[in-house]
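First comes the structure, then the notes that go with it.
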Amino acid sequence: MRTEREKGLMSNVRVRFAPSPTGYLHIGGARTALFNWLFARHNKGIFLLRIEDTDQQRSTPEATQAILDSMQWLGLNWDEGPFFQSDRLSIYKKHADNLVLQNKAFYDTDAEGRKAIRFKMLDGVTEINDLIHGVISFDTALIEDFVILKADGFPTYNFACVVDDAEMGITHVIRGDDHISNTPKQIALYNAFGFKLPEFAHIPMILGEDGSRLSKRHGATSVTEYRDKGYLPQALVNFLALLGWSPGNDQEIITLAEMIEKFSLKRAVKTSAQFNNTKMDWMNGQYIKSIPVEQLSPYTRGFFEKSGVDMTKISAEWLTALVRLYHERFKTFQDLVNQTGFFFSSTIEYDTASVEKFLKKEGITNLLKEVLAAISQLEAFDTKHLEDSLRALTTKLGVGFSKLAQPLRVSITGRSVSAGIFETMELLGKEVSLQRLDYTIKNLCNQ
RNA sequence: GCCCCCAUCGUCUAGUGGCCCAGGAUGUCAGGUUCUCAGCCUGAAGACAGGGGUUCAAAUCCCCUUGGGGGUACCA
């Protein structure tokens, strides 16, 4: 409950996010939700959630749940709702009947014999003063009488939307600009009812990386996919906020609090944006680096488990050490899992090109034997002692350290790219490190 | 077809008539750090879609063309 004092501080701004539950929440929808949410929070208004489930064929409870989950994951909490249009059928019916009574709508039967209520569109010019686009005008003679109540008793989108926005006291309709051409129909409805018009703000759509409409073939398009691939919600929110809005300076990393403080529709852009996964990755990496490893590492556990790693014997301390070692090297949790597989399996895969390049060369067998001998002696198998011992070895042999590091790296990790080799060996432990070295010498080098 | 929206580096954007031979970020390239890669640091290349106006002056205003997107459903 809000106190009287809090009510007094609130503005009368009321906005909503109104998705249809026909699929996952995709990033375009998420961005629309975010803009509404930011607008509400900035203005100390109300943000409500309404599920537009008037398409009986395509709406599913699973999709509704996925949308709710995604909203929560992103941190876009709502103040009222979720309201379901399917619960409000009698309201739409009442309003539709009313329009028929006033001769503003009529029953109509189509070729298939289905009987619906159709709204009479009057000829004229309708102007909307969009908060983002300015004045847009339409010749309503070009718009035909449209169905408002379907044969199945469900309202159509334009009708339910207007009835609900009016009844729920929505002051600002912030939605994708694919709805611009629906607006004159909706205004006609507002006028027929005598409802007060809300403000309209049509924000541009988000396009796929090739500039075409976002679809399945663009890869990850839903919020849940980004979650499952190991992106951070705050990074996705930051990225989405900057798609179509800018804080007015050169700032790229911006906290939620700053977004709320600075958000304004005046700084929203008109042009549609292409979602760029590369920059999204960079931004996620920035967020990952900004979070202390102790705080970050618990979140990684689930991703390892999902990839099939048995984590029951992995201690929190060890996991944190691993995350620390890779902290600046991974951009998503999935990326971390991909980079560190060799830590978790007893038999690792060796990259053939790396083996060819660094192991199947003259003198490598002997070199690695020397390494094995040197580090076998070590009492303390840690970064410092490993480094001291192996640097001393290269000095003794008169070779550059990189001549030793790469073959060693391939032996231990199976690949030519990894975090620091001493740290890696320390984390892997003496036993496993020696085993892999031994295996490499016996099986992979030229004898 | 008709109606509507949009148009600055590859991408996201700053820019609202002079501060812009256009700034930042990302990505790319080069150099540095270094056991590899990543990271980090430094530097470079990279855009006002085209054409007409208006104006002393246009990325910014107007028109046309072109391109992209959306709508034109008993989908939302």
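Order of the sequence lines fixes the chain letters, A, B, ..., with proteins taken first and strands second; residue numbering starts at 1 for each chain.
In this structure, B:U55 makes no Watson-Crick or G-U wobble pair, since no nucleotide meets both defining distances under 3.5 angstrom. Judged by Watson-Crick or G-U wobble contacts below 3.5 Å, the nucleotide B:G39 has B:U33 as its partner. Across the strands present, B:U60 finds no partner; the criterion is a Watson-Crick or G-U wobble pair with both atom distances under 3.5 angstrom. If you check B:U26 for Watson-Crick or wobble pairing at under 3.5 angstrom, you find it paired to B:G10. When Watson-Crick and G-U wobble pairs are counted only if both distances are under 3.5 Å, B:C2 pairs with B:G71.
Salt bridge status for A:Glu423 with A:Arg324: absent, with no side-chain N to carboxylate O gap under 4.0 Å. Using a cut-off of 4.0 Å between Lys/Arg side-chain N and Asp/Glu carboxylate O, A:Glu80 and A:Arg14 are scored as salt-bridged.
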Exercise. What is the per-nucleotide protein-contact pattern of nucleotides 18-31 of chain B, from the 5' end, where B denotes a base atom under 4.0 Å from a protein heavy atom, S denotes such proximity for sugar-phosphate atoms only, and - denotes neither?
Worked result: -----BBBSS----
For this session: Using a 4.0 Å cut-off on protein heavy atoms (strictly under), produce a 5'-to-3' string for nucleotides 66-76 of chain B with B for base contact, S for backbone-only sugar-phosphate contact, and - for none.
Result: ---SSS-SBBB
Just list the side-chain donor-acceptor pairs under 3.5 Å for residues 351-359 of chain A, sequence neighbours left out, or say none.
| unit_1 | atom_1 | unit_2 | atom_2 | d |
| --- | --- | --- | --- | --- |
| A:Asp351 | OD2 | A:Ser354 | N | 3.0 |
| A:Asp351 | OD2 | A:Ser354 | OG | 2.5 |
| A:Ser354 | OG | A:Ser416 | OG | 3.4 |

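Going from the P atom of B:U42 to that of B:U26 covers 11 Å, rounded to whole Å. Straight-line distance between the C1' atoms of B:A14 and B:C19: roughly 14 Å, to the nearest whole Å. Comparing the C1' positions of B:A58 and B:G17 gives an interatomic distance of 6 Å, to the nearest angstrom. Rounded to the nearest Å, the gap between the C1' atom of B:A22 and that of B:C63 is 25 Å. Between B:G43 and B:G70, the two P atoms lie 42 Å apart (nearest whole Å). As rounded to the nearest Å, B:G23 and B:U34 have C1' atoms that lie 33 Å from one another. For the C1' atoms, the distance linking B:G10 with B:U65 amounts to 25 Å, nearest Å. On the P atoms, B:G1 is 37 Å away from B:U55, given to the nearest whole Å.
Contacts of A:Ser418 with the nucleic acid, taken as non-hydrogen atoms under 4.0 Å apart, include base atoms. When heavy atoms are screened at a 4.0 angstrom cut-off, A:Leu242 is found touching the sugar-phosphate backbone but no base atom. When heavy atoms are screened at a 4.0 angstrom cut-off, A:Arg267 is found touching the sugar-phosphate backbone but no base atom. Within the nucleic acid shown, A:Ala419 comes within 4.0 Å of at least one base atom, counting heavy atoms only. Nucleic acid contact class of A:Gly285 (heavy atoms, under 4.0 Å, all strands): none. A:Phe422 comes within 4.0 angstrom of a base, heavy atoms only. No contact: A:Lys403 has no heavy atom under 4.0 Å from any strand.
At whole-Å resolution of the value, CG in A:Asp351 and C1' in B:U36 are 13 Å apart. For the pair A:Ile203 CD1 and B:C12 C1', the interatomic distance rounds to 16 Å; values are reported in whole Å. Rounded to whole Å, atom P of B:A14 lies 14 Å from atom NZ of A:Lys262. The distance from atom CD1 of A:Ile254 to atom C1' of B:U13 is 13 Å, rounded to the nearest whole Å. The nearest whole Å value for the distance from the CG atom in A:Leu336 to the P atom in B:G39 is 15 Å. In this entry the distance linking CD of A:Gln274 with P of B:C9 reads 11 Å, nearest Å. Nucleotide B:U36 holds its P atom 13 Å from the CG atom of A:Leu404, rounded to whole Å. We find that CG of A:Asp281 is positioned 11 Å from P of B:G39, with the value rounded to whole Å.
Residues satisfying the side chain to side chain contact (heavy atoms under 4.5 Å, CB included) test with A:Asn249, not counting sequence neighbours, are A:Pro247, A:Gln251, A:Lys262. Checked against side chain to side chain contact (heavy atoms under 4.5 Å, CB included), A:Asn238 has the following partners two or more places apart in sequence or in another chain: A:Leu242, A:Ile253, A:Ile254, A:Met259, A:Met283, A:Tyr287. The side chain to side chain contact (heavy atoms under 4.5 Å, CB included) search around A:Thr22 returns A:Ser20, A:Arg58, A:Ser59, not counting sequence neighbours. Residues forming a side chain to side chain contact (heavy atoms under 4.5 Å, CB included) with A:Asn129 (at least two apart in sequence, or on another chain): A:Val135.
For RNA chain B, the neighbouring residues in residues 385-396 of chain A, judged by any heavy atom under 4.0 Å, are A:Arg391.
Legend: ring pair (Phe, Tyr, Trp, His ring centres under 6.0 Å) pairs involving residues 241-280 of chain A, not counting sequence neighbours, sorted by first then second residue: A:Phe35-A:Phe263, A:Tyr226-A:Phe275, A:Phe239-A:Phe275, A:Trp245-A:Phe263. For residues 132-150 of chain A, there are no side chain to side chain donor-acceptor pair (under 3.5 Å) pairs, not counting sequence neighbours. Applying the side chain to side chain donor-acceptor pair (under 3.5 Å) definition to pairs two or more places apart or across chains, those involving residues 336-345 of chain A are A:Gln334-A:Asn338, A:Asp335-A:Gln339. Sorted by first and then second residue, the ring pair (Phe, Tyr, Trp, His ring centres under 6.0 Å) pairs involving residues 390-428 of chain A (not counting sequence neighbours) are A:Phe401-A:Phe422.
Picking from B:C35, B:U8, B:C40 the nucleotide with the shortest atom distance to the side chain of A:Thr271 gives B:U8.
For the residue pair A:Asn103 and A:Lys120, a side-chain donor N or O sits within less than 3.5 Å of a side-chain acceptor on the partner.
Taking 4.5 Å as the limit, every side-chain heavy atom of A:Leu34 sits out of range of all side-chain heavy atoms of A:Phe17.
Taking side-chain N and O atoms only, A:His133 has a distance below 4.0 Å to OP1 or OP2 of B:C6.
Along RNA chain B, the nucleotide closest to A:Ile132 and the one closest to A:Ser246 are compared, and the more 5′ of them pairs with A:Ile132.
Ring centroid separation for the pair A:Phe344 and A:Phe304 comes in under the 6.0 Å cut-off.
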